[in-house]
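In what follows, a single structure is set out as structure tokens and then discussed.
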There are 2 protein chains.
Amino acid sequence: MSTILPFQAVTHEPGQSRYAALAAALKARIVRGEWPPGSAIPAEQSLADQHGVALGTMRRALELLSEQGFLDRQHGRGTFVKPGLSGAPMFRFFRFGEGGDTPPQSSILARQTQAAKAEVAAALGLGPGEPVLHLKRLRSVAGQACLLEDIWLPLPLFEPLLSPEHPTADWGDLLYPLFGQRCGVHVHRAVDSISFGQLSASAARALKLPAGHPCARVSRQAFDMSGRCIEWRHTVGDAHAFHYTVSIV
Amino acid sequence: MSTILPFQAVTHEPGQSRYAALAAALKARIVRGEWPPGSAIPAEQSLADQHGVALGTMRRALELLSEQGFLDRQHGRGTFVKPGLSGAPMFRFFRFGEGGDTPPQSSILARQTQAAKAEVAAALGLGPGEPVLHLKRLRSVAGQACLLEDIWLPLPLFEPLLSPEHPTADWGDLLYPLFGQRCGVHVHRAVDSISFGQLSASAARALKLPAGHPCARVSRQAFDMSGRCIEWRHTVGDAHAFHYTVSIV
DNA sequence: AAGTGGTCTAGACCACATC
DNA sequence: ATGTGGTCTAGACCACTTG
């Protein structure tokens, strides 16, 4: 069996190291879906042969992609494509209940298509008025309403979530695994913006708090591996339950 | 001239890689003050010879310390000991003024020695009742009071800050450089905890806001290179000026 | 020109996971 | 026993900074 070396020639501009070019080439193969999330990629030596570089150089490229969160290297087992963020750890910003080991629950209050307003379109990188799916979602701990979320998703992509065969009651408590299973969308990274404000009358009603009660607001942009924004989310919760810890280095 | 190899023998327990042991040994030499912050350490080849390892192994150790924030490597110039955090970017949590290019100002409202209360002692890793220096500090932008801070520093160490020859009016707008110059203390990393509350009457007075006004609270522990806590700080500011952005990967 | 860190190679051997 | 990633070596050459 003859061995084909389709990736041997890597565009290697001066000013860029070979391992960086290799990493870019491998990343392209990942993003293209050649190796699905969670699956193993070929062994180091095999990849080094394919690209015609020394083992050490290929290792350098793989380590780079590992640092960037695209690969997961496991001693003795192999190198795997990172499956993406599973639980969106929104609750790390809040502390509800005491020793609450009960997992947060999720219920979808509304699901509808909309024309994207300016802010939503800007966040998602769409033109204003393009179709989006809007979700309103309440998250509870031990039956107690805690967080209220507005979520916007670009629509051709998230069409499967509109299917009446899958009522929102069956969606489960985590959205990101659902995005992966039903829409083939994997969240690779996210950016959260935090501020404080007062609850609107309707939000206060849903959270069973007085209108105007102080709240913490978290606005999230979530991105897939190719870098496009695939979710815009706005979350509010009781400001007194807010807490967060940051390390500065 | 005979060459002495005092660091050749590095305790190298099984289960630990040689470069990790080398990194620990080098870090010890840094923490001990053998190479002061900001100064250059010997060249890679020289260190490799000193420790009797291959160049690549020493490079691995140096890269590790660089990732951990102890060293700063500069192509063509050398490897330097990180000088420590200079500006403690407390204002990255808040947005005061508009295009405010005016740098934040600092004024010390109080400076006194105290016996550490339980919370302060715990944060600083002291026994309760041990002596600490307490500072009260107001930070302003364009003459407008913005943040009120309570700062506690362990006392044998920060004695120089009590000197009446250096009135607090001359301290300047940044504390961490002062800690370095006058006390030989360099802040290597810090941990900030954020929560929400209401202004006490006295804090409200200092910030020219109504008592009970919503505020953001930031509690900071700052550590030096050896890992001991050398500052406990409590900061409050108008909650409506608070904003913060986090990346999740 | 000399000295520094950055890249790349080719090969040996080790540690871990799996069959 | 086999295959995987992790460590270490020894050496060549490149790129950047400084005198």
Side-chain angles (χ1 to χ4, degrees), chain A residues 3 5 7-26 30 35 38-83, chain B residues 3 5 7-26 30 35 38-83:
Chain A
T3 307
L5 305 177
F7 302 102
Q8 186 167 7
V10 169
T11 53
H12 178 205
E13 305 164 18
Q16 181 168 220
S17 56
R18 189 168 295 189
Y19 71 81
L22 282 170
L26 291 171
I30 294 170
W35 304 300
S39 68
I41 72 173
E44 300 175 337
Q45 189 55 258
S46 159
L47 286 170
D49 295 344
Q50 274 185 33
H51 291 81
V53 298
L55 183 59
T57 305
M58 182 53 73
R59 282 185 57 76
R60 196 80 204 274
L62 293 171
E63 274 155 21
L64 190 59
L65 290 176
S66 176
E67 286 167 16
Q68 294 176 355
F70 292 100
L71 293 177
D72 185 18
R73 314 199 74 196
Q74 295 182 32
H75 192 171
R77 301 218 323 122
T79 301
F80 303 83
V81 178
K82 269 267 179 76
Chain B
T3 308
L5 307 176
F7 302 101
Q8 186 167 8
V10 169
T11 54
H12 179 204
E13 304 164 17
Q16 181 169 219
S17 56
R18 188 169 297 190
Y19 70 81
L22 281 170
L26 291 171
I30 294 170
W35 303 301
S39 69
I41 72 173
E44 300 175 338
Q45 190 55 258
S46 159
L47 287 170
D49 295 344
Q50 273 184 35
H51 290 81
V53 298
L55 183 59
T57 305
M58 181 54 73
R59 280 185 58 77
R60 198 90 148 77
L62 294 171
E63 273 156 20
L64 190 58
L65 289 176
S66 176
E67 285 167 17
Q68 293 175 356
F70 292 99
L71 292 177
D72 186 17
R73 316 200 74 198
Q74 294 181 33
H75 193 174
R77 304 218 322 122
T79 301
F80 303 82
V81 178
K82 268 266 179 78

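Here is the naming used below: chain letters follow the sequence lines, and residue numbers restart at 1 for every chain.
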Task: Any residue meeting side chain to side chain contact (heavy atoms under 4.5 Å, CB included) with B/Ala20, in chain and number order, not counting sequence neighbours - done: B/Gln16, B/Ser17
- [ ] Tell me which nucleotide among C/dT9, D/dG6, C/dT7 gets nearest to the side chain of A/Arg18.
- [x] C/dT9
- [ ] Take the protein atom CZ of B/Phe80 and the nucleotide atom P of D/dT17, then report the distance between them rounded to whole Å.
- [x] 12 Å
TODO: Describe the nucleic acid contact of B/Gln45 in one word from base, sugar-phosphate, nothing, applying a heavy-atom distance below 4.0 Å.
DONE: nothing
Open item on the list: Can you tell me if B/Thr79 touches the phosphate of C/dG5, counting only side-chain N or O atoms and a distance under 4.0 Å to OP1 or OP2?
Closed with: yes
Listing time: all N or O pairs from protein to nucleotides 11-16 of chain D that are below 3.5 Å?
from: D/dA15; atom 1: N3; to: B/His75; atom 2: NE2; distance (Å): 2.9

TODO: From the options D/dT7, D/dT9, C/dC8, select the nucleotide whose nearest atom is closest to the side chain of A/Arg59.
DONE: D/dT7
Open item on the list: Would you say that B/Leu22 contacts B/Leu64 through its side chain, given a criterion of any heavy-atom pair below 4.5 Å between the two side chains?
Closed with: no
- [ ] Decide yes or no for B/Leu26 and B/Trp35: does some side-chain heavy atom of the first lie under 4.5 Å from some side-chain heavy atom of the second?
- [x] yes
TODO: Starting at atom CZ of A/Arg60, determine the distance to atom P of D/dG6, rounded to an integer number of angstrom.
DONE: 14 Å
Task: Spacing of A/Glu63 atom CD relative to D/dT4 atom P, expressed in whole Å - done: 17 Å
Task: Residue-phosphate contact under 4.0 Å: A/Tyr19 side-chain N/O, C/dC8 OP1/OP2 - done: no
Task: B/Leu47 side chain reached by B/Thr79 side chain, heavy atoms, under 4.5 Å - done: no
Task: Nearest-0.5 Å distance, CZ of residue B/Arg73 to CG of residue B/Leu65 - done: 9.5 Å
- [ ] Can you figure out which of C/dG5, C/dC8, D/dG5 approaches the side chain of A/Thr57 most closely?
- [x] C/dC8
Task: Length of the CE-P vector between A/Met58 and D/dG6, whole Å - done: 14 Å
- [ ] Write out all pairs satisfying salt bridge (charged side-chain N to carboxylate O under 4.0 Å, His left out) with one or both partners inside residues 54-72 of chain B, taking only residues at least two apart or from two chains.
- [x] B/Glu44-B/Arg59, B/Arg59-B/Glu63
TODO: Could you state the atom-to-atom distance from CG of B/Asp72 to P of C/dG5 in whole Å?
DONE: 12 Å
Open item on the list: Expressed as a whole number of angstroms, how long is the span from B/Arg73:CZ to C/dT7:P?
Closed with: 10 Å
- [ ] Calculate the interatomic distance between B/Leu47 atom CG and C/dT4 atom P; express it in whole Å.
- [x] 11 Å
Open item on the list: Distance check, rounded to the nearest 0.5 Å: A/His75 atom NE2 versus A/Arg77 atom CZ?
Closed with: 12.5 Å
Open item on the list: Starting the side chain at C-beta, find the nucleotide from D/dG5, C/dG6, D/dT7 nearest to B/Ser17.
Closed with: D/dT7
TODO: Can you tell me the distance, in whole Å, between the CD atom of A/Glu44 and the P atom of C/dA17?
DONE: 16 Å
Task: Residue whose closest nucleotide on DNA chain C lies nearer the 5' end, A/Ala54 versus B/Leu62 - done: B/Leu62
